[in-house]
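Just so you know, ligand 1 is whichever comes first in the structure, and atom 1 is the first atom listed for that ligand.
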Amino acid sequence: MKKTYAIFIMGVSGSGKTTVGKLLAEKMQIPFFDGDDYHPETNRRKMASGRPLNDDDRRGWLETLNKLAREQLHSASCVIACSALKISYRDLLQKDIAAHTKFVFLKGSYEQVMARMLARDAHFMPASLLTSQFDTLEYPTEALVADIAKEPEQIVSEIMETLTHKTEFGLIGLGVMGKSLCRNLAGHGFRISMYNRHVPGKEEHVASGFKSGFPELEDALPFDKLKAFVNSLQVPRKIMLMVPAGKPTDHILEELLPLLSENDVIIDGGNSHYTDTGRRGELLSRHGISFVGCGVSGGEEGALNGPSLMPGGEKAAYRIVRPFLEAIAAKDGNGQPCCTYIGPEGSGHFVKMVHNGIEYAEMQLLAEVYFSFKHTGKTPDRIAGILESWKTAENSFLLEITADILRTREGDHWLIDRILDQAGNKGTGNWTTIASAQLGIPATMIASSLFARYISAFKADRKAMERVYGQASTPPETDEKTVFEAYRAARLINHYQGFRLIKEASDTFGWDLNLSALARTWTNGCIIRSALMERLPGILKSGDNILLHPEIAPSIKTWRSSLAGFVAACVKSGIPVPVFSEAVNFFHGFSSAHLPASLIQAQRDYFGAHTYRRNDDGGEKIHHTHWKKTKGS
Ligand code: 6PG
């Protein structure tokens, strides 16, 4: 055990914490501290008088023990005996040192413990308080469990065996993302087990081969047999799946299930569909296994150096894996992890899905900007220069990489000019579009960016059409300032639509999501991190509609004519700008108190007697007109 740990031996009074703790410390040659020695006199007197301690009595004492553990951890591991009966107590004990804390729960029945208490002498805690101890105990699903029926020597050797030879965290699926996350975890000092399936001739010895390539994986255990992998982990097990979404995820869960124990926690870090995550969570919970559906953003580099993480599912399960996820996540501007509990069920994967939808639109906006500049005869280098000049006011990860891409040369030409113009996709933009339609939210820019990719895929048709209709495009009559303002306005609208979709899902599914906290986790590590995203946590605190926020509205007012002007110029020139067009059309519609939907209602009523409401009677009553009869009258 190279890493240092504060090992809290916990359990009700009389379960043998001091005996086991002392012996463990002695065997491990590390200091032992008895938590009872740190009670203030007031607490000791209260207990001695037969009155149980309450949360307020315990707070200061737990903080003292946390401070003690933190100080000890600077130099070495230590063992501390402390009842730590409630979740909130354990959270106080491990505050800021969760990744370095282990709880060992001495588990015994009331009768077993009572028999021991009656047998021991000169302890300030009378046996009569035992009932209150059991009443207070919130079962520590996160703890290593030791059976107090066993001899202390045996308990201690089992604890040592677990701490020394079993690993803390397991990862399944050593693709690009899985490998990077393994290195990130190991780099943060976690002892991990790594599993990749064995497919003869295709995937052989993947885990061991991977381990040998990286010094930080020296202590990591590689496996290609699932049972051995599962058995190598400390219980309760924490296992992260990094396998393709869909069937492969169901398949590995099926294989895993019989090998797991109650209270183990499985994290799905793939881009799974949120309804699948909800279904899997329910299935696993029937077996006493917890499931965390965790959005992971940042690509290979993010996974290695700090991704943005969006964990959803049972909050109690998140608590158990939180130290690992927070340690490996990117850090925001205040040094806080870009990882926060999102909400129940599949909410973590839902927000990751919308993240990708926003990402699609952000990418397409930049593609449309590039294309319009290209039509004015600018070289990729020149366009990169313009994008770089935008960074001061409107920086984003995607803007930066786009400029890099445009500057990339291959011999005497730019690489971008040699890349086939057919965009792929892995499905999350499609899912976001479907979800927006199902939830009734006009996330038009996301939908349009998806369809722009689909249009691009029809290369042969496009060529045939161009042969018939000719290349319509001419240089658009616009300037850099207009394009920039249009881009800035469109980004705000895209972010509005994305967050509005998340808000709707939260309300519909009863998830109670915190949009401001979510935006904070997207300020670093993820693909849509940007200077704008850094403003959103504050803006979203004061309301969900960012377009009405006093910090945003004046900008939109200034830029909206450029947005319309840019789209008009491109449309006139025959340059496709579908996502910019959606931005301006959405904005025009969404900021109009009057729309032609009155005619839609009339048409519906005409052919289908679907009825309509009137604007001159309060809009409460339903009306129907016999249109043919009343025509012209
Ligand atoms: C991220 C990315 C990541 C992946 C997308 C690509 O946040 O790290 O979004 O999840 O790059 O799945 O999606 P498409 O292949 O559909 O563009």
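Side chain of Ser516 to backbone of Pro537: a donor-acceptor contact under 3.5 angstrom is found. Between the side chain of Glu255 and the backbone N or O of Leu226, no donor-acceptor pair lies under 3.5 Å.
Arg491 and Ser530 share a side-chain donor-acceptor pair at under 3.5 Å.
Under the 6.0 Å distance and 45° angle rule, Arg560 does not count as a cation-pi partner of Phe587.
Near ligand 1, Asn271, Ser297, Gly298, Gly299, Lys352, His355, Asn356, Glu359, Tyr360, Asn425, Lys426, Gly427, Arg453, Ile527 each place a heavy atom less than 4.0 angstrom from the ligand.
Checked options Ile328, Ile267, Thr521; the residue passing with Leu309 is Ile328 (criterion: side-chain contact (heavy atoms from CB on, under 4.5 Å)).
The aromatic rings of Tyr487 and Phe580 are tilted relative to each other, their planes meeting at an angle between 30° and 60°.
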